[in-house]
2 protein chains.
Amino acid sequence: MKITEAMQNYLKTIYRLQERDGVVSTSSLAIAMSVAAPSATGMMKKLVRYRTVRYTRYQGVVLTKTGRQIALEVIRHHRLLELYLAASLGYSWDAVHEEAERLEHVISEDFEERVFEALGRPTRDPHGEPIPTREGALPVWNHDSLADLEPGASGTIRQVRDSSPDMLRYLGARGLVPDAVIRVVDKAPFNGPLTVNVGASTHALGRDLARHIRVEMRPMLGEQE
Amino acid sequence: MKITEAMQNYLKTIYRLQERDGVVSTSSLAIAMSVAAPSATGMMKKLVRYRTVRYTRYQGVVLTKTGRQIALEVIRHHRLLELYLAASLGYSWDAVHEEAERLEHVISEDFEERVFEALGRPTRDPHGEPIPTREGALPVWNHDSLADLEPGASGTIRQVRDSSPDMLRYLGARGLVPDAVIRVVDKAPFNGPLTVNVGASTHALGRDLARHIRVEMRPMLGEQE
DNA sequence: ACTAGAATTTAGACATTCCTAATCATTCAA
DNA sequence: TTGAATGATTAGGAATGTCTAAATTCTAGT
Ligand SMILES: [Mn+2]
Ligand SMILES: [Mn+2]
Ligand SMILES: [Mn+2]
Ligand SMILES: [Mn+2]
């Protein structure tokens, strides 16, 4: 009754898709996992045997409580590792994901605990994502997407959502990282770019980029009428 | 043409047995790998296709140059990881092996390099075993087994050879670790225990234990007649 | 309500790595 | 020199995780 690495990856992916879509379809899962649809169907049957998902033919899957716990355990490993690689081994934030993706399945609980303590019991990873607790609790934040802010709005970047290393490098070079204070100067119409202020500099950001950035808004001054 | 984790483990084990025995028999390999003999035979055929071993039916195997390089690469990962776990995460020397055994197959060359530098380009692991260089060079030391020393002999412990966590804990608690200075006080006959001096204390060690300890002898005083 | 097209599942296959049972080769001792 | 014991290989099969091709089910548009 061992949870294999493949099973862990499916559970982790189902967790992510379920957050986004509710019930998870076989095809969306297959695409997210980069496998053919029948592979996903086959794995669903296996995950049912392990009581980690509820699955109805042609109707998609959702995680059981057990499945969610396993997913969160793997996500905890992943995010602790990302932070450890960045903080203790000097990895850049665009390089941590790939390495953590393989390590997450092989570290022991002892390793997890030592890293957790070495990092000072952190709660967020280098991209600002919350780190699940040992008990599998995960704070749900609902920050605004930078793409939804209007000119004049300002706040603090809280998360830069999973994106390509290239995009992360681009954003990082411009100071668009968690905890940076940001202000929207302008927002061009027709899905045009946002002009934003970060620190001393100003940047034009396409909507695709802006959508990946989550901001905790500061209440706007002079809006209290 | 990917070298799988199973292949890496076989190559590593063949390397170790070849150092000890020369040509490696299927059965000794199977025992060392904790698999049935047919599994070892099957893997030999596969390793031949990858040109990592030379194998003649009923005659055993030896590594090719390629096979040896791969084995040393994995051993480098293993020993760097053992040292890193001990030095940077506070693992005790009896716990590092198990964790390194799984991590060694999944770390990147980048991770290897960063750990190597973080540790100050080390040359020996927590058990005193030499760490192969990036290029796959490995110094061959020929230290004496503590079991072979005679009363009066003294020297420095250089290696404590692969043994059980229990044994390592026992030896560690008594200061019998690499770089410790040791002197043989007495050696009981009939395969009896050795009485040794380490630091300020004296211990009686059975031959089985003593065989695992490798010592660099100091030339004995007053032996120059 | 039908039906075409999309989504999903089933069928069958392959690569890995391991196993047990049976067969074959080697070796050593009489 | 021969045959029994030991060691090694072959034969056949299971589990895992993937694939393509074919069949099935669902869903929307008419
Ligand atoms: Mn854990
Ligand atoms: Mn992350
Ligand atoms: Mn390496
Ligand atoms: Mn070691």
Side-chain angles (χ1 to χ4, degrees), chain A residues 1-15 17-18 20-63 67 70-71 74 101-102 104-106, chain B residues 1-15 17-18 20-63 67 70-71 74 101-102 104-106:
Chain A
M1 271 294 168
K2 188 182 150 274
I3 307 289
T4 65
E5 182 169 328
M7 291 165 68
Q8 288 177 27
N9 280 328
Y10 275 95
L11 291 171
K12 197 174 58 152
T13 300
I14 294 168
Y15 180 90
L17 297 179
Q18 190 175 326
R20 197 187 64 186
D21 305 334
V23 176
V24 177
S25 71
T26 299
S27 53
S28 65
L29 180 56
I31 290 166
M33 289 291 299
S34 303
V35 297
S39 305
T41 299
M43 184 54 86
M44 289 315 92
K45 292 177 174 172
K46 179 167 195 181
L47 292 178
V48 164
R49 291 205 310 274
Y50 281 74
R51 291 176 216 293
T52 51
V53 299
R54 252 181 296 284
Y55 165 64
T56 319
R57 271 169 80 222
Y58 293 99
Q59 306 286 276
V61 282
V62 292
L63 295 174
I70 296 169
V74 179
E101 198 60 33
R102 294 188 310 274
E104 65 189 9
H105 307 291
V106 306
Chain B
M1 270 295 169
K2 191 181 149 277
I3 307 289
T4 65
E5 184 168 327
M7 290 164 68
Q8 288 177 28
N9 280 328
Y10 275 95
L11 290 171
K12 198 173 58 151
T13 300
I14 293 167
Y15 180 91
L17 297 180
Q18 189 175 326
R20 196 186 65 186
D21 305 334
V23 176
V24 177
S25 71
T26 299
S27 55
S28 65
L29 180 55
I31 290 167
M33 290 290 299
S34 301
V35 296
S39 305
T41 298
M43 183 55 85
M44 288 315 95
K45 291 176 174 175
K46 178 167 196 183
L47 291 178
V48 163
R49 289 205 309 277
Y50 281 74
R51 290 174 215 295
T52 51
V53 299
R54 252 183 296 285
Y55 165 63
T56 317
R57 271 171 80 220
Y58 292 100
Q59 305 286 267
V61 283
V62 292
L63 295 174
I70 296 170
V74 179
E101 198 61 31
R102 294 188 311 273
E104 65 189 9
H105 307 290
V106 305

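To find a chain, count down the sequence lines: A is the first, B the second, and so on, and within it residues start at 1.
- The shortest non-hydrogen separation linking B/Arg102 to A/Val106 is NE-O, 2.7 Å.
- When heavy atoms are screened at a 4.0 angstrom cut-off, B/Thr26 is found touching the sugar-phosphate backbone but no base atom.
- In this structure, A/Ala6 reaches the sugar-phosphate backbone alone: every heavy-atom distance under 4.0 Å involves primed, P, OP1 or OP2 atoms, never a base.
- Of the two residues contacting DNA chain D, namely A/Pro38 and A/Thr4, the nearest-nucleotide position lying further toward the 5' end is that of A/Thr4.
- Side-chain atoms of A/Gln18 and A/Val61, non-hydrogen and from C-beta on, never get closer than 4.5 Å to each other.
- Within the 4.0 Å cut-off from OP1 or OP2 of D/dA8, not a single side-chain nitrogen or oxygen of B/Thr41 is found.
- As judged by a 4.0 angstrom heavy-atom cut-off over every strand, B/Lys2 is placed among residues making no nucleic acid contact.
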message: Across nucleotides 23-29 of chain D, 5' to 3', mark each nucleotide with B, S or - according to how protein heavy atoms within less than 4.0 Å reach it.
response: -BSS---
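- Nearer the 5' end of DNA chain C, as judged by each residue's closest nucleotide, is the contact made by B/Arg49, out of B/Ser34 and B/Arg49.
- In this structure, A/Met44 places its CE atom 15 Å from C1' of C/dA7, rounding to the nearest Å.
- Across the protein-nucleic acid pair, A/Ile31 atom CD1 and D/dT18 atom C1' stand 17 Å apart, rounded to whole Å.
- Looking at heavy atoms from C-beta onward, B/Gln59 lies out of side-chain contact with B/Val23 at the 4.5 angstrom threshold.
- Note on A/Ser27: only backbone sugar-phosphate atoms sit closer than 4.0 angstrom, heavy atoms only; bases stay farther off.
- The separation between A/Leu47 atom CG and C/dT9 atom P is 13 Å, rounded to whole Å.
- Across every non-hydrogen atom of A/Glu104 and A/Val74, the tightest pair is CD-CG1, 3.8 Å.
- For A/Met43 and C/dT8, the CE to P distance is 18 Å, given to the nearest whole Å.
- In this structure, B/Asn9 places its CG atom 12 Å from C1' of C/dT17, rounding to the nearest Å.
- Picking from D/dT10, C/dC18, D/dT18 the nucleotide with the shortest atom distance to the side chain of B/Lys45 gives D/dT10.
- Comparing D/dG17, D/dA8, D/dT18 by their nearest atom to the side chain of A/Lys46 picks out D/dG17.
- Within the structure, every side-chain polar atom (N or O) of B/Tyr10 is placed at least 4.0 Å from both OP1 and OP2 of C/dT16.
- Contact record, B/Ala6 with B/Met43: CB-CE, 3.9 Å, taken as the closest heavy-atom pair.
- Remark: C1' of C/dA7 and OH of A/Tyr55 are 11 Å apart, rounded to the nearest angstrom.
- Atom CE of A/Met33 is separated from atom C1' of C/dT8 by 18 Å (rounded to the nearest Å).
- Here the OG1-CD distance, from A/Thr52 to A/Gln8, works out to 11.0 Å after rounding to the nearest 0.5 Å.
- Listed here is the closest heavy atom pair of B/Leu17 and B/Ala32: CD1-CB, 3.9 Å.
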